[in-house]
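If you scroll down you'll find the structure; I have some questions about it.
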Amino acid sequence: MRVLVIGSGGREHALAWKIAQSPLLTKLFIAPGNAGTQAVAENVVLDITDHKAVTDFCKLMAIDFVVVGPDAQVVAGLGDDVRAAGINCFCPSKAAGQLEGSKGFTKQLCDEMDIPTAAYGRFDTEAAALAYLYTQKAPIVVKADGLAAGKGVTVAMSIEEAEEAVIDCFAGSFGAAGASVVIEEFMEGEEVSLFVLCDGKDILPLTTAQDHKRAFDGDTGPNTGGMGAYSPAPVMTQDIYDEVLERIIWPTVRGLASRRTPYQGVLYAGLMLTPDGPKLVEYNARFGDPETQVLMMRMESDLLPLLLATATGTLAGHRVHWKDQFALTVIMATNGYPGAYGKGSEIKGAEELDSETLHVFHAGTRRDAGRLVAAGGRVLNVTALGDTAEEAHRRAYAGVDQIVWPEGFCRRDIGWREIRRSAT
């Protein structure tokens, strides 16, 4: 198969790295890719927001299968346009992709299918949002309705903080994503993610992971796209897992199918394990970043046929196998992220780190006269395997400490919840 991966981040590097191992593959392209993806695929200079340019490239290069990584391309309907050109594509439809593109859409589906989630209100004007807010108590959660690169969520510990978040959204801090706002009750509990392949009618649950959204140690600082993750997340027991499938995943699949917008792709369910049981925090309509990095390190099965079966409605009968180990990834980001940050600083030592238990996935990197330099906010994903979460943690940070990049930073406590649990 000749395959094109769409995207340029750590998620896409991890997907390309895993797809490159498939015996079904004959040629792998990635558009646009980054400095790290060059090792496993041919980088292509292509405007992925120009869907005709993408389909023209696919026809020119006889691409058999396209794998779409980023949320923006899912929500923009790239998958629909690729399929309309007669090419198989791993990407939900634009209609089904509203699960991620609009938090209000997902909340309405939850109401319709009786899926447990936080109580909420959705508002199109600042005045209406503030009027509702003033009837609530803190802590409370304010979310930009649309895509905001993981940064459009404020967990407000006071009504004043929530008021500021609402005003920021309608003032344009998140562009069109903040044109509508969802205000939710604050849910107490531990957050965990479950990834499930769905071909429109059948599902194949993959595995669990736990992300770390806050920028700094101790889960402090602003929300980010994710500063690290580990998999599996044993806090999701078998009983909880079964309940999530029965009360959240299957109703979602059936609800979208009943609307004649069947979901074909990966369902990434963000869940809160509350005293009242698991509740849906949000859906993403693509693989997580940085969760994909730990999933791909643990996956023993060939990824490519699983993605193809999902895209072609033939998932029934497929199985997936995992290493009986933990994987943990640490994000190295440019100083200033998730706010303003510089570009072009040199990174040394990252490309010498590669073994059976350690791999560095690239995100915001590029080549500059042979040097590896930072080109984004989240830049490197140092990912390790271990028999325990503590061992994976130790190996990942040993890798981090060999990278010379004064202009970068990372959290030093990724995996802390599981490490603390396993120590008791």
Q: State whether the side chain of D81 and the backbone N or O of H51 hold a donor-acceptor pair below 3.5 Å, judged by distance alone.
A: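 No, because the side chain of D81 does not come within donor-acceptor range (under 3.5 Å) of the backbone of H51.
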(Q) Would the distance check show the side chain of E12 and the main-chain N or O of G9 forming a donor-acceptor pair, the cut-off being under 3.5 Å? (A)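 Checked: pair present.
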Q | Flag, side chain of T224 to backbone of G226, donor-acceptor distance under 3.5 Å | A |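 Pair found, side chain donor or acceptor close to backbone of G226.
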Q. Is it true that a side-chain atom of R412 and a backbone atom of D217 form a donor plus acceptor pair closer than 3.5 Å?
A. no
Q) Would you say the side chains of S22 and D302 form a donor-acceptor pair under 3.5 Å? A)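 There is such a pair (donor and acceptor under 3.5 Å, judged by atom type) between the side chains of S22 and D302.
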Q.
Please enumerate all residues that pass salt bridge (Lys or Arg N to Asp or Glu O under 4.0 Å) together with E243, with sequence neighbours excluded.
A. R247
Q | Salt-bridge contact D219-R214 (side-chain N to carboxylate O under 4.0 Å) | A |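 Salt bridge absent between D219 and R214.
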Q. Are R2 and E42 within salt-bridge range, i.e. N to O under 4.0 Å?
A. no
Can you give the donor-acceptor pairs under 3.5 Å from side chains of residues 161-170 to other protein atoms, not counting sequence neighbours?
| from | atom 1 | to | atom 2 | distance (Å) |
| --- | --- | --- | --- | --- |
| E161 | OE1 | M157 | N | 2.9 |
| E163 | OE2 | Y134 | OH | 2.3 |

Q.
Rounded to the nearest 0.5 Å, what separates atom CG in N381 from atom CD1 in I331?
A.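 So the CG of N381 and the CD1 of I331 are separated by 3.5 Å.
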Q | Validation row: W416, H212 side chains within 4.5 angstrom (heavy atoms) | A | yes
Q.
Can you confirm whether more than 12 heavy atoms, excluding those of D324, are under 6.0 Å from its CG atom?
A. no
Q) Where is the tightest heavy-atom contact between L358 and A384, given as atom of each residue plus distance? A)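 Closest heavy-atom pair between L358 and A384: CD1-CB, 3.9 Å.
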Q. Within 45 degrees of the axis of the six-membered ring of F105 and under 6.0 Å from its centre: does R259 put its NZ or CZ there?
A.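 Judged by the rule (NZ or CZ under 6.0 Å from the ring centre, within 45° of its axis), R259 counts as positioned above F105.
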Q. Using 30° and 60° as the class limits, which term best fits the ring planes of H359 and H13: parallel, tilted or perpendicular?
A. perpendicular
Q: Give a yes-or-no answer on whether the side chains of Y120 and D111 include a donor-acceptor pair shorter than 3.5 Å.
A: yes
**Q.** Pair E190 + R421, salt bridge at N-O below 4.0 Å
**A.**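 Yes, E190 and R421 are salt-bridged.
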Q.
Do the side chains of D145 and K107 get close enough for a salt bridge, i.e. N-O under 4.0 angstrom?
A.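 Not counted as a salt bridge, because no side-chain N and carboxylate O are separated by less than 4.0 Å.
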Q. Going by heavy atoms in the side chains, are P222 and F216 under 4.5 Å from each other?
A.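 Yes, at least one pair of side-chain atoms sits under 4.5 Å.
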Q | Side chain N43, main chain N34, donor-acceptor under 3.5 Å | A | yes
Q) Under 30°, 30 to 60°, or over 60°: which ring-plane class applies to F361 and W17, parallel, tilted or perpendicular? A)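 Plane angle over 60°, so perpendicular.
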Q) Got a second to check how far T117's OG1 is from E184's CD, nearest 0.5 Å? A) 5.5 Å
Q.
Test your reading of the model: is there a side-chain donor-acceptor pair from D199 to the backbone of L315, 3.5 Å cut-off?
A.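 Yes, because the side chain of D199 sits within donor-acceptor range (under 3.5 Å) of the backbone of L315.
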Q: Ignoring hydrogens and angles, tell me if any N or O in the side chain of T274 forms a donor-acceptor pair with the backbone of E188 under 3.5 Å.
A: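 No, because the side chain of T274 does not come within donor-acceptor range (under 3.5 Å) of the backbone of E188.
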Q) Is the NZ or CZ atom of K27 both under 6.0 Å from the centre of the six-membered ring of F29 and within 45° of that ring's axis? A) yes
Q: Could you verify whether a donor N or O on one side chain and an acceptor N or O on the other, from E391 and Q325, lie under 3.5 Å apart?
A: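 No, Q325 and E391 have no side-chain donor paired with an acceptor closer than 3.5 Å.
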Q) Hey, does the side chain of T334 reach the backbone of G376 with a donor-acceptor pair shorter than 3.5 angstrom? A)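 Indeed, once roles are kept as given, a pair shorter than 3.5 Å links the two residues.
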Q: Check whether more than 12 heavy atoms from other residues, nucleotides or ligands sit under 6.0 Å from atom NZ of K343, and answer yes or no.
A: no
(Q) Could you check whether atom CD of E300 has more than 12 heavy atoms from other residues, nucleotides or ligands sitting under 6.0 Å from it? (A)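 Enclosed.
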(Q) Donor-acceptor pair, distance only, cut-off 3.5 Å: does the side chain of T106 make one with the backbone of L99? (A) yes
Q.
Quick one: does any side-chain atom of T208 pair with a main-chain N or O of A233 as donor and acceptor, under 3.5 Å?
A.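 The answer is yes, because a donor-acceptor pair under 3.5 Å joins these two groups.
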Q: Output yes when D50 and K52 qualify as a salt bridge under the 4.0 Å nitrogen-oxygen rule, no when they do not.
A: no
Q | Pair Y263, T252: side-chain N/O donor-acceptor within cut-off below 3.5 Å | A | no
Q.
Measuring from atom CG of L24 to atom CG of L304, what distance do you get when rounded to the nearest 0.5 angstrom?
A.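 If we round to the nearest 0.5 Å, L24:CG and L304:CG are 5.5 Å apart.
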